[in-house]
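Accompanying notes for the structure given below.
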Amino acid sequence: MRRIGVLALQGAFDAHRRVLTALGVEAPLVRNTRDLEGLDAIVLPGGESTTMLRFLARDGLFEALGEFVAARPALGTCAGLILLAREVEPHQPSLGALDLTVARNAYGRQRDSKVLRGETRLPGGPFEMVFIRAPRITLLGAGVEVLARRGDDPVLVRQGNAIGCAFHPELGGDDRVHRLLIEACESN
């Protein structure tokens with residue numbers, strides 16, 4: 001059975017865990033460096049990226065997580081996308097697993113949250129995208145593949161083993177983004 005950890009420092013980690021468990025994956029919560037041992041992949045959930053960074057600064061977890069996502073599949077959603085980015089606007093530390101720049105909270109405040117249907121390159125046609133104070137991808141590196149857009153903006157991307165998602169797939173009824181992470185485990 002695949003073991004995909006879910007970073008559980010803050011934010012919407014439990015919803016990711018439920019989706020992964022429903023897909024037949026063991027989904028232990030990750031709160032320290034020891035929890036990374038034996039995992040096939042990791043999910044970095046939505047939440048507040050600056051708060052997550054405060055918790056990640058303890059006990060070398062930021063550095064251990066950086067090494068993990070450089071070698072194994074990772075899915076970052078909303079704040080998790082910010083953590084996986086190479087550059088963040090305004091500047092804050094990040095793991096650099098995706099060669100892109102993101103602007104935090106670029107789609108507005110909490111009251112500007114939206115549920116949209118959008119086209120994707122994933123099999124199965126359009127899917128639901130839940131945006132909550134989402135980051136906007138403002139610059140893409142040459143090696144980043146765009147899998148879905150919101151208008152002209154990329155909102156689901158992949159580069160190697162890293163998958164970044166500006167919206168919250170764990171809050172919709174479609175598990176294709178999580179299935180993409182499981183497929184990445186099988187090819188890693």
Side-chain angles (χ1 to χ4, degrees), residues 4-13 15-16 19-20 27 30-31 33 35-36 39-57 60-107 122 129-150 153-170 176-185 187-188:
I4 297 179
V6 181
L7 187 66
L9 301 176
Q10 187 265 345
F13 55 86
H16 282 288
V19 174
L20 290 169
V30 174
R31 293 191 168 106
T33 56
D35 294 337
L36 293 170
L39 296 179
D40 296 302
I42 192 163
V43 173
L44 309 179
E48 174 53 49
S49 63
T50 53
T51 303
M52 287 187 194
L53 285 171
R54 283 190 205 110
F55 289 116
L56 287 171
L61 186 53
F62 183 83
E63 292 78 13
L65 197 55
E67 291 173 14
F68 187 92
V69 301
R72 296 197 181 112
L75 166 63
T77 64
C78 199
L81 167 64
I82 295 170
L83 291 176
L84 288 180
R86 179 179 42 81
E87 294 288 333
V88 180
E89 300 170 342
H91 178 73
Q92 69 180 38
S94 59
L95 300 170
L98 287 167
D99 185 16
L100 53 81
T101 301
V102 294
R104 295 176 54 221
N105 303 326
Y107 290 107
L122 299 179
M129 300 185 284
V130 180
F131 288 89
I132 304 170
R133 294 178 52 218
R136 176 175 283 157
I137 298 171
T138 58
L139 188 62
L140 285 174
V144 181
E145 178 185 13
V146 177
L147 300 174
R149 292 184 180 272
R150 174 181 174 172
D153 295 338
V155 294
L156 176 61
V157 297
R158 174 174 55 192
Q159 182 178 24
N161 285 328
I163 301 163
C165 190
F167 55 94
H168 289 265
E170 77 281 10
R176 282 181 281 171
V177 174
H178 292 85
R179 288 181 185 275
L180 191 64
L181 179 63
I182 295 169
E183 289 170 16
C185 294
S187 61
N188 188 35

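Position 1 is the first residue of the sequence; numbering continues from there.
- Considering I137, L122, T77 as possible partners of L156, the one that fulfils the side chain to side chain contact (heavy atoms under 4.5 Å, CB included) test is L122.
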Subject >> Evaluation steps, side-chain contact (heavy atoms from CB on, under 4.5 Å), between H178 and E170 >> reply: CA-CA 8 Å; H178 292 85; E170 77 281 10; 4.0 Å; yes

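- The CZ atom of F68 lies 11.5 Å from the CG atom of L61; values are rounded to the nearest 0.5 Å.
- Within the 4.5 Å cutoff, no side-chain heavy atoms of F167 are placed close to those of C78.
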**OP:** Check the pair L81, V102 against side-chain contact (heavy atoms from CB on, under 4.5 Å), reporting the backbone distance first and the verdict last.
**Re:** CA-CA 8 Å; L81 167 64; V102 294; 4.0 Å; yes

**OP:** For side-chain contact (heavy atoms from CB on, under 4.5 Å), just list the numbers for E145 and L147, CA-CA rounded to whole Å, side-chain angles, deciding distance to a tenth of an Å, and then say yes or no.
**Re:** CA-CA 6 Å; E145 178 185 13; L147 300 174; 3.6 Å; yes

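- Taking 4.5 Å as the limit, every side-chain heavy atom of R72 sits out of range of all side-chain heavy atoms of L39.
- Taking OG1 from T33 and CG from L56, the interatomic distance works out to 11.5 Å, rounded to the nearest 0.5 Å.
- Between I42 and L36, some side-chain heavy-atom pair lies under the 4.5 Å cut-off.
- Side-chain atoms of P154 and L140, non-hydrogen and from C-beta on, do get closer than 4.5 Å to each other.
- Under a cutoff of 6.0 Å and an axis angle of 45°, R150 and F131 form a cation-pi pair.
- In plain terms, the two heavy atoms of R136 and A106 that are nearest each other are CB-CB, 3.3 Å.
- In this structure, the side chains of L98 and R86 stay at 4.5 Å or more apart for every pair of heavy atoms.
- Q159 CD to D99 CG: the interatomic distance, rounded to the nearest 0.5 Å, is 5.5 Å.
- For the pair L139/L100, no side-chain contact is recorded, criterion being any heavy-atom separation below 4.5 Å from C-beta on.
- Contact check for V30 versus L65: no side-chain heavy atoms found under the 4.5 Å cut-off.
- Looking at every heavy atom in both residues, N161 comes nearest to A184 through OD1-O, 4.3 Å.
- A salt bridge links E48 with R104: the closest approach of a Lys/Arg side-chain nitrogen to an acidic carboxylate oxygen falls below 4.0 angstrom.
- Residues Q92 and T50 have side chains that never bring a donor and an acceptor to within less than 3.5 angstrom of each other.
- For the pair R31 and F13, the cation sits on the ring face: its NZ or CZ lies under 6.0 Å from the ring centre, inside 45° of the axis.
- Minimum heavy-atom separation, A97 to V69: CB-CG2, 4.0 Å.
- If you take CG on L75 and CZ on R158, they are separated by 12.0 Å, rounding to the nearest 0.5 Å.
- Among all heavy-atom pairs drawn from N105 and R133, the shortest one is OD1-O, 3.2 Å.
- Shown here for R149 and V155, the closest heavy-atom pair between the two residues is C-CG2, 3.7 Å.
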**OP:** Give the intermediate values and the outcome of side-chain contact (heavy atoms from CB on, under 4.5 Å) for residues I163 and V157.
**Re:** CA-CA 6 Å; I163 301 163; V157 297; over 6 Å; no

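- You'll find the side chain of L83 stays beyond 4.5 Å of the side chain of S94, heavy atoms only.
- In this structure, C185 SG and L180 CG are separated by 10.5 Å, a value rounded to the nearest 0.5 Å.
- In this structure, V6 and A27 approach most closely via the heavy-atom pair CG2-CB, 4.4 Å.
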